[in-house]
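In what follows, a single structure is set out as structure tokens and then discussed.
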Amino acid sequence: MSAPRAVKGMHDLLPDRTAHAAWLEARFREVARRWSFDEIRTPVVEPTELFVRSIGESTDIVEKEMYSFVDKGQDALTLRPEGTAGVVRAYVEHAVWTQEPVTRWIYMGPMFRRERPARGRYRQFHQLGAELFGDPGPYADAELIDMLVTFLREAGVADVEVLLNSLGGPEARRAYRHALVEYLEPRRPALSADSQRRLASNPLRVLDSKAPEDREVVAHAPRITDFLNAEDRAHLDGLRAALDRLQVPHRLEPTLVRGLDYYDRTLFEVRGRGGELGAQDAVCGGGRYDGLVETMGGPPTPAVGFAIGLERLMLLAPPPPPPPGTDVFVVAVGAAERLEAAVIARELRAEGLSVETDLRGGSLRSQLRRADRVGARLALLVGSDELARGVVQLRDLRAGRQREVGRDALRAAIRAERSAT
RNA sequence: GUGGGUGUAGCUCAGCUGGUAGAGCAUCGGAUUGUGGCUCCGAGCGUCGCGGGUUCGAGCCCCGUCACUCACCCCA
């Protein structure tokens, strides 16, 4: 049998990329802390029904992209394809609204969608998300978006601009959809094959088609913004004014739509520039979903949130400066000193130092070569002669200097070397 | 699900109009037997994705297949 391989579209992160990912997660937590968001964790597996009800039955995700299975012939379960559904489920399950009027949560973790992999699109990918429950006003949207933009900047994304749209409430959307179909239906022959299909399944999607023939038709289509009621419009205007005041770069994009059914009113997206992301240019998507908590069995509760694609963010943002590496490499000069070298290494580790050894019994030369390779700044040479005298050789690998230090003075000497630089 | 591209050492790749495999990096060893980095010398490492075909002979040609990848679709 051939060697096992990682499942298609699912990837290992080796240490260099893991460091980048972990750094981004740490930055996200730090920014969230300033906005007073707390982190929650929910299961990777949820009842299939949860996603069908929240994301929408006729969405691509639910129709063909979910990893679903029946557990022991009993329960229909699914690997989560996105984060909001589980977070809302947890919010309802724990009746969090009874504890506090407004809840601010972040989450991060793997998501699963069975799509054809491409640049920036994987079957297991990771999202950094935030949800704000309990505040119906546009300033909540603005504060959330401000947090998002701040994070993206601190993560190292060069130019960040938020694309904004409003889908209105349920009635506005229904009216608009009707008007749009009425406009598109007679022009059906002019549309691309994909859009002709969309017209029946999800007409709003025709709006953001990339096909040139579709764009021409869409250019003169009715605009969702003309169908908003007074409250919808006030919400959108309030959000734009707030973003202006908060100096968050944003642009109204009336053709912006999303693939999930649960959004109301505010919809936003952040895209990469210059093709770093290939055809998958969205690094973050979000919006308001005022009806979702209620449909999941909770009280009517307004909410707004976003999700960032970690892998796409990594494509967009430069990796962080490398963290400080190994402090001390303990070398056993001869095979007989290996155990004592291990003891010394242990003592230094207890001091909080990062200590590496190579106790395979190789030559002094090969051990020092390793010390150099791993970027250690100090090497500690443990030899039989020195051990007999209760000392070790402390070598500064950058300066190439070496001196003899008594074992009892070792910690102080190393501390001095470290602070010297 | 649809279309294109690519598959040669651990990694990045070279390999002329078919003659039975190479470089750099990495790994390991050595350059007066207890001293790294630079340099030099050397070593190991390849079912040339897999299967079939054409041919005296295929990594190079043909067919199939699988994988990866890019684009479409969709989305983070």
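A donor-acceptor contact under 3.5 Å is not formed by the side chain of A:Q367 with the base of B:rU35. For B:rU2, the base has a donor-acceptor partner in the side chain of A:R116 [N/O atoms by modelled type, under 3.5 angstrom]. For A:R398 and B:rG37, a side-chain-to-base donor-acceptor distance below 3.5 Å is absent, hydrogens and geometry of angles not being considered. Within 3.5 Å, a donor on the side chain of A:E386 pairs with an acceptor on the base of B:rG34, or the reverse. You'll find a donor-acceptor pair under 3.5 Å spanning the side chain of A:E115 and the base of B:rA76, going by distance alone. Scanning atom types as modelled, no donor and acceptor separated by under 3.5 angstrom connect the side chain of A:R119 and the base of B:rA71. With hydrogens and angles left out, the side chain of A:R312 and the base of B:rC75 share a donor-acceptor pair within 3.5 Å. Taking only distance into account, the side chain of A:D372 never meets the base of B:rG37 through a donor-acceptor pair shorter than 3.5 Å.
Within the nucleic acid shown, A:A371 has no heavy atom closer than 4.0 Å to any nucleic acid atom. Residue-level contact check: A:L381 touches the bases, meaning some heavy atom is under 4.0 Å from a base atom. Across all strands, A:Y122 comes closer than 4.0 Å to base atoms (heavy-atom distances). Among the heavy atoms of the strands lying under 4.0 Å from A:Q402 is at least one base atom, whether or not backbone atoms are also near. Across all strands shown, A:G334 has no heavy atoms under 4.0 Å from either base or sugar-phosphate atoms.
Atom CD in A:Q127 sits about 13 Å away from atom P in B:rC75, given to the nearest Å.
The residue among A:R123 and A:A6 whose nearest nucleotide of RNA chain B lies closer to the 5′ end is A:A6. Judged by closest nucleotide on RNA chain B, A:R370 is the one of A:R370 and A:R401 placed further toward the 5' end.
Comparing the C1' positions of B:rG52 and B:rC41 gives an interatomic distance of 46 Å, to the nearest angstrom.
Pairing partner, B:rG34: none, since no Watson-Crick or wobble contact has both distances short of 3.5 Å. Pair check for B:rU65 finds B:rG49; Watson-Crick or G-U wobble, both atom distances under 3.5 Å. Here B:rG22 sits opposite B:rC13 as a Watson-Crick or G-U wobble pair (both hydrogen-bonding atom distances under 3.5 Å). Using Watson-Crick or G-U wobble geometry with both donor-acceptor distances under 3.5 Å, B:rA58 finds no partner in any strand shown. The base-pairing partner of B:rC75, taking Watson-Crick or G-U wobble contacts with both distances under 3.5 Å, does not exist among the strands shown. Applying the Watson-Crick and G-U wobble criteria (two distances, each under 3.5 Å), B:rG42 pairs with B:rC28.
At a threshold of 4.5 Å between non-hydrogen side-chain atoms, the residues A:L310 and A:Q127 do not count as touching. Residues A:H250 and A:R240 meet the side-chain proximity criterion, which asks for heavy atoms closer than 4.5 Å. The shortest side-chain heavy-atom distance between A:E25 and A:L128 falls under the 4.5 Å cut-off.
Taking 4.0 angstrom as the limit, A:R373 places a side-chain polar atom (N or O) nearer than this to OP1 or OP2 of B:rA26. Under 4.0 angstrom from either OP1 or OP2 of B:rU33 there lies no side-chain N or O belonging to A:R365. Residue A:K64 places none of its side-chain N or O atoms closer than 4.0 Å to OP1 or OP2 of B:rC74.
Results of the ring pair (Phe, Tyr, Trp, His ring centres under 6.0 Å) test with A:Y289 over A:Y262, A:Y91, A:F306 single out A:Y262 as the only residue that passes.
Of the listed nucleotides (B:rA31, B:rC75, B:rU35), B:rC75 has the atom at the smallest distance from the side chain of A:R205.
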